[in-house]
Student: 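Sharing a structure with you now.
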Amino acid sequence: MSADSSNLMEALVSLAKRRGFIYQSSEIYGGLNGFFDYGPLGVELKRNIRDCWWRDMVQRRDDIVGLETSIIMHPKVWEASGHVAGFTDPLVDCKVSKQRYRADQLFWAAVIIDGETDRQIVDSLTAKGRISPEVMARWLHLPRERTETVGTKEARENWVANRTMVYGFVSALESERTHTDLQEQAEAFKRKWGLQGTLRTVQPYDFTEAKEDEIPYIPSPATGLPGSLTPPRAFNMMFETNVGAMRDASSVAYLRPETAQGMFVDFKNVVDTTRVKLPFGLAQIGKSFRNEITPRNFIFRSREFEQMEMEYFIHPDADWLACHEEWLQWCQDWLKSIGLPASHLSLHEHPKEKLAFYSRRTVDIMFKYPFGVQELWGIAARSDYDLQQHQKCSGVPQVYFDEATKSKVVPHVIEPAVGVDRIFLAVLAAGYAVEDVKDEKGNVEQRTVLRLSPRLAPVKVAVLPLLKNKEQLTARARALHAKLRRRYAVQYDDGGAIGKRYRRQDEAGTPWCVTIDFETIEQPGDTFTLRERDSMQQRRITEAELFALLEEQVY
RNA sequence: GCGGCUGUAGUUUAGUGGUAAAACUCCGCUCUUCCAAAGCGGUAUCGACAGUUCGAUUCUGUCCAGCCGCACCA
């Protein structure tokens with residue numbers, strides 16, 4: 001990341017806090033990594049993003065209906081979707097090579113030799129961190145006694161007498177020749193350290209069976225050297241909770257990691273109780289939760305976030321590729337309609353070999369964030385995988401009756417899924433500008449402005465009496481404010497000089513300010529000054545014209 | 001999760017082993033006839049917790065949070 005883009009992010013974070021868009025969660029307690037709060041302006045902007053999407057995606061189309069499903073669902077939903085199985089495996093990191101392994105796929109074995117023992121070699125191995133006396137002690141009695149603890153002096157003398165020793169460990173990844181591999185490594189180990197005696201056939205264990213004090217002596221498959229592997233750690237992407245007062249295994253439930261499954265699970269309900277016909281879509285906006293390993297980049301990747309997802313169900317024989325293309329286009333057009341510049345948007349086609357096995361095609365709409373080009377909106381062709389899975393796991397047919405062919409079909413699905421928070425950050429980043437402005441005397445000053453689309457702006461109009469202490473001005477301004485606020489998010493501001501109030505609104509992204517001045521009350525026509533955020537141009541406007549402007553621009 | 005760097009008003013920064021300063025913002029008052037005017041007043045347990053010390057915001061450790069890189073992101 002360049003210094004400039006880093007500064008831009010810092011400026012955005014600072015502005016977001018200063019103006020009440022976004023605060024760090026639980027800040028007075030030191031903050032909580034990966035969680036954020038939306039302040040008074042932030043909550044309006046976020047609501048507008050949701051509302052725009054909902055109106056355009058659901059209310060203004062006749063083939064899509066809405067849904068709001070519960071955040072906590074039956075745990076079997078996540079077994080069916082594959083979220084439980086895919087993410088409960090403990091993982092092992094190699095701190096040196098940065099490789100990450102599944103613990104049950106990483107195998108290791110002790111190098112055990114019967115025969116003469118050279119005390120010097122043992123000391124040398126110990127000094128080089130290949131093995132410790134305590135770990136040696138545990139491996140003396142074979143087969144393994146897992147309850148054995150630290151060896152005593154007598155025990156150690158006993159091993160020498162027995163002349164059966166463990167000299168270290170070898171490791172290998174799971175494959176068809178894991179055992180052979182370990183055996184060969186053990187032989188190489190024996191040669192390397194000049195050990196005499198007979199090498200026992202290696203006995204592989206997987207890494208979940210490694211004891212805490214053995215782990216430091218098991219070499220990393222990446223480097224061949226011990227000391228860099230972490231203990232196996234569970235990376236549960238889903239947040240777990242318990243349903244009901246009693247806390248036991250049967251009460252475990254999860255906070256949803258995506259809103260999509262709610263729509264698949266209610267597919268049959270909607271088909272049976274409403275009059276939808278293929279092709280049709282189910283849309284949902286709601287919070288999702290993922291225990292991301294590294295939340296980063298402000299609200300871009302957080303652990304609690306809000307999704308806007310739509311599942312578009314199509315006939316299995318329909319031209320899914322054409323449908324996929326249509327949605328790809330729709331989503332790009334929508335992003336432009338809320339003010340994201342085309343120059344910041346691009347497409348990323350997931351390569352075939354990286355696709356999830358059930359996906360036929362996935363294309364991401366990327367956005368040029370200050371910290372790089374990142375995924376904004378994923379449009380996936382998910383085939384009929386999810387409905388088939390739920391049909392299988394629930395035993396309830398997930399079918400649609402096709403009147404044309406008089407047959408039951410399981411529809412396929414095209415899924416555009418986007419994060420509200422990611423759009424939030426995108427419009428903030430794209431709209432943020434610091435401009436040089438010349439005042440009357442020609443002095444250059446800086447102006448910070450947030451160029452938000454009027455549809456998204458938290459405040460549509462600020463109503464400003466030119467002066468605070470002139471009753472006629474404030475009375476007229478309050479009357480206008482009262483009338484506007486019935487339909488629009490507006491602000492009344494009489495604090496400080498007029499220029500300061502304009503700039504304050506610029507930072508909040510307010511597209512228009514109207515100023516009630518002396519011309520308003522002294523001249524006929526009841527006109528106000530309308531000041532535009534982006535051009536800073538002023539013109540006179542009547543109340544009727546103002547409402548017409550808002551009707552046109554805010555929808 | 002690993003490594004490096006960082007943490008002082010709302011924001012951006014100064015500063016010191018002897019309990020802290022500035023600018024802007026914000027709030028209140030006075031004033032103000034169109035682009036951050038002026039004056040006065042107000043706003044900090046110096047990220048948290050331990051330790052060293054007569055005394056720690058300053059030194060040490062742990063934790064938390066942030067930034068950068070790597071890894072991860074079905």
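The figures that follow rest on heavy atoms only: side chains count, while hydrogens, waters and symmetry mates do not. Just so we're on the same page: letters track the sequence lines, and every chain starts at 1.
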Student: Measure from the side chain of A:R503, starting at C-beta and using heavy atoms only, and say which of B:C35, B:U12, B:A74 lies closest.
Tutor: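 Comparing B:C35, B:U12, B:A74 against the side chain of A:R503, the answer is B:C35.
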
Student: Students often get this wrong, so: under 4.0 angstrom with heavy atoms, is A:E507 touching a base, only sugar-phosphate, or nothing?
Tutor: base

Student: Counting only side-chain heavy atoms from C-beta out, which of B:G1, B:G66, B:U32 sits nearest to A:R296?
Tutor: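 Shortest atom-to-atom distance from the side chain points to B:G1.
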
Student: Which part of the nucleic acid, if any, lies within reach of A:T529 when heavy atoms closer than 4.0 Å are counted: base, sugar-phosphate only, or nothing?
Tutor: base

Student: Where does the angle between the aromatic ring planes of A:F313 and A:F267 fall among parallel (under 30°), tilted (30 to 60°) and perpendicular (over 60°)?
Tutor: tilted

Student: Return the nucleotide paired to B:A37: Watson-Crick means purine N1 to pyrimidine N3 with N6-O4 or O6-N4, wobble means G-U with N1-O2 and O6-N3, both under 3.5 Å.
Tutor: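 Pair assignment: B:A37 / none.
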
Student: OP1 or OP2 of B:U30 versus the side-chain N and O atoms of A:N469: is any pair under 4.0 Å?
Tutor: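 The answer is no; no side-chain N or O of A:N469 sits under 4.0 Å from OP1 or OP2.
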
Student: Remember a base hit wins even if backbone is also touched, and classify A:R501 as base, sugar-phosphate or nothing at under 4.0 Å, heavy atoms.
Tutor: nothing

Student: Would you mind checking if A:E44 and A:K460 are paired as a salt bridge, meaning a charged N to carboxylate O distance below 4.0 Å?
Tutor: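 No salt bridge links A:K460 with A:E44.
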
Student: Would you mind reading off the distance between A:L12 atom CG and B:U11 atom C1', rounded to a whole angstrom?
Tutor: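 That distance rounds to 14 Å.
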
Student: Across the strands shown, which category fits A:Q24 at heavy-atom distances under 4.0 angstrom: base, sugar-phosphate, nothing?
Tutor: sugar-phosphate

Student: Answer yes or no: is there an ion pair linking A:R501 with A:D494, defined by an N-O contact shorter than 4.0 Å?
Tutor: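 A:D494 and A:R501: not salt-bridged.
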
Student: Validate the cation-pi geometry between A:R531 and A:Y502: distance from NZ or CZ to the six-membered ring centre under 6.0 Å, angle to the ring axis within 45°.
Tutor: yes

Student: Just the rounded figure in Å: distance from C1' of B:C34 to NZ of A:K470.
Tutor: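 Interatomic distance, NZ of A:K470 to C1' of B:C34: 15 Å.
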
Student: Which of the following nucleotides, B:C68, B:G66, B:A36, is nearest to the side chain of A:N297?
Tutor: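 Looking only at heavy atoms from C-beta outward on A:N297, the closest nucleotide is B:C68.
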
Student: Does a side chain donor of either A:Q505 or A:Q491 reach within less than 3.5 Å of an acceptor in the other side chain?
Tutor: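 A pair is found: one side chain offers a donor N or O, the other an acceptor, under 3.5 Å apart.
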
Student: Please determine, for B:U19, whether a Watson-Crick or G-U wobble partner exists with both distances under 3.5 Å, and give it or none.
Tutor: none

Student: Under 6.0 Å from the six-membered ring centre of A:Y492 and within 45° of its axis: does the NZ or CZ of A:R478 meet both?
Tutor: yes

Student: In whole Å, what separates the P atom of B:U57 from that of B:G17?
Tutor: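 It works out to 13 Å between them.
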
Student: Provide, to the nearest angstrom, the distance between the CG atom belonging to A:L467 and the P atom belonging to B:C35.
Tutor: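 Going from A:L467 (CG) to B:C35 (P), I get 13 Å.
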
Student: Output the single nucleotide from B:U25, B:C29, B:U33 whose closest atom is nearest the side chain of A:K468.
Tutor: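 The closest nucleotide is B:C29.
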
Student: Could you work out the separation of B:A9 and B:U25 based on their C1' atoms and round it to a whole Å?
Tutor: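 About 11 Å, rounded to a whole number of Å.
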
Student: Are A:K468 and A:D493 ion-paired here, with the side-chain N under 4.0 Å from a carboxylate O?
Tutor: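 No, no charged N to carboxylate O under 4.0 Å.
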
Student: Would you indicate what A:E519 reaches in the nucleic acid, counting non-hydrogen atoms under 4.0 angstrom: base, sugar-phosphate, or nothing?
Tutor: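 Nothing: the residue A:E519, judged by heavy atoms under 4.0 Å, touches no strand.
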
Student: Of the listed nucleotides (B:U33, B:A36, B:C35), which one gets closest to any side-chain atom of A:R531?
Tutor: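 When the side chain of A:R531 is considered, B:C35 is the closest of B:U33, B:A36, B:C35.
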
Student: Can you identify which nucleotide, out of B:C35, B:G66, B:A74, has its nearest atom closest to the A:M536 side chain?
Tutor: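 Selected nucleotide (nearest to the side chain): B:C35.
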
Student: Considering only the C1' atoms, how many Å lie between B:G7 and B:U12, rounded to the nearest integer?
Tutor: 14 Å

Student: Would you check if A:F518 stacks with the base of B:U33, given a 5.5 Å centroid limit and a 30° plane limit, both strict?
Tutor: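 Yes, the aromatic ring of A:F518 stacks with the base.
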
Student: I need the CG-P distance between A:N33 and B:G66, as an integer number of Å.
Tutor: 4 Å

Student: How far, in whole Å, is B:A65 from B:U8 if one measures between their C1' atoms?
Tutor: 15 Å

Student: Taking atom P in both B:U62 and B:G3, compute the distance separating them and give it to the nearest angstrom.
Tutor: 11 Å

Student: Report yes if at least one side-chain N or O of A:R19 is closer than 4.0 Å to OP1 or OP2 of B:U25; otherwise report no.
Tutor: no

Student: Could you tell me which nucleotide pairs with B:A71 by Watson-Crick or G-U wobble geometry, both distances under 3.5 Å, or answer none if nothing does?
Tutor: none

Student: When both hydrogen-bonding distances must be under 3.5 Å and the geometry is Watson-Crick or G-U wobble, what is B:G7 paired with, if anything?
Tutor: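 Because both required distances fall under 3.5 Å, B:G7 counts as paired with B:C64.
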
Student: Whether the side chain of A:Y29 and the base of B:C64 hold a donor-acceptor pair under 3.5 Å is what I'd like checked.
Tutor: no

Student: Would you confirm whether A:Q307, through its side chain, and A:T259, through its main-chain N or O, come within 3.5 Å as a donor-acceptor pair?
Tutor: yes

Student: Taking only Lys NZ, Arg NE, NH1 and NH2, and the carboxylate oxygens of Asp or Glu, determine whether A:K287 and A:E306 approach each other closer than 4.0 Å.
Tutor: no

Student: Can you list everything that forms a ring-ring contact (aromatic ring centres under 6.0 Å, His included) with A:F367? Sequence neighbours excluded, please.
Tutor: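 A:F367 satisfies ring-ring contact (aromatic ring centres under 6.0 Å, His included) with A:H344, A:Y369 only.
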
Student: Taking the P atom of each, how far is B:C72 from B:G15, in whole Å?
Tutor: 41 Å

Student: A:H83 has a side chain; which of B:U25, B:A74, B:U32 sits nearest to it?
Tutor: B:A74

Student: Do the rings of A:Y385 and A:Y358 sit parallel, tilted or perpendicular, given the 30° and 60° boundaries?
Tutor: parallel

Student: Check the distance between B:G10's C1' and A:E27's CD and give it to me in whole angstrom.
Tutor: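 Computing the A:E27:CD to B:G10:C1' distance gives 10 Å.
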
Student: Please report, rounded to the nearest Å, how far the C1' atom of B:C68 is from the CG atom of A:L8.
Tutor: 16 Å

Student: With RNA chain B as reference, determine whether A:S14 or A:R447 sits nearer its 5' end, using the nearest nucleotide of each.
Tutor: A:S14

Student: Starting from C1' on B:A74, measure out to CD on A:E415 and report it in whole angstrom.
Tutor: 12 Å

Student: Less than 4.0 angstrom between a side-chain N/O of A:K500 and OP1 or OP2 of B:C34, yes or no?
Tutor: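 No, outside the criterion.
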
Student: On the nucleotide B:U11, are OP1 or OP2 found under 4.0 Å from the side-chain N or O atoms that A:K17 carries?
Tutor: yes

Student: In whole angstrom, give me the gap between the P atoms of B:G66 and B:G61.
Tutor: 22 Å

Student: C1' atom, B:C46 versus B:U16: distance in rounded Å?
Tutor: 11 Å

Student: Give me the residues of residues 258-265 of chain A where at least one heavy atom lies under 4.0 Å from an atom of RNA chain B, by number, or none.
Tutor: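 Residues of residues 258-265 of chain A under 4.0 Å from RNA chain B: A:E258.
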
Student: Take atom CZ of A:F21 and atom C1' of B:G10, then tell me their distance rounded to the nearest Å.
Tutor: 15 Å

Student: So what's B:G51 paired with, Watson-Crick or G-U wobble, going by both distances under 3.5 Å?
Tutor: B:C59

Student: Let me spell it out: for each of A:R290 and A:L466, pick the nucleotide of RNA chain B with the closest heavy atom. Which residue's pick is nearer the 5' end?
Tutor: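 Nearer the 5' end of the strand: A:L466.
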
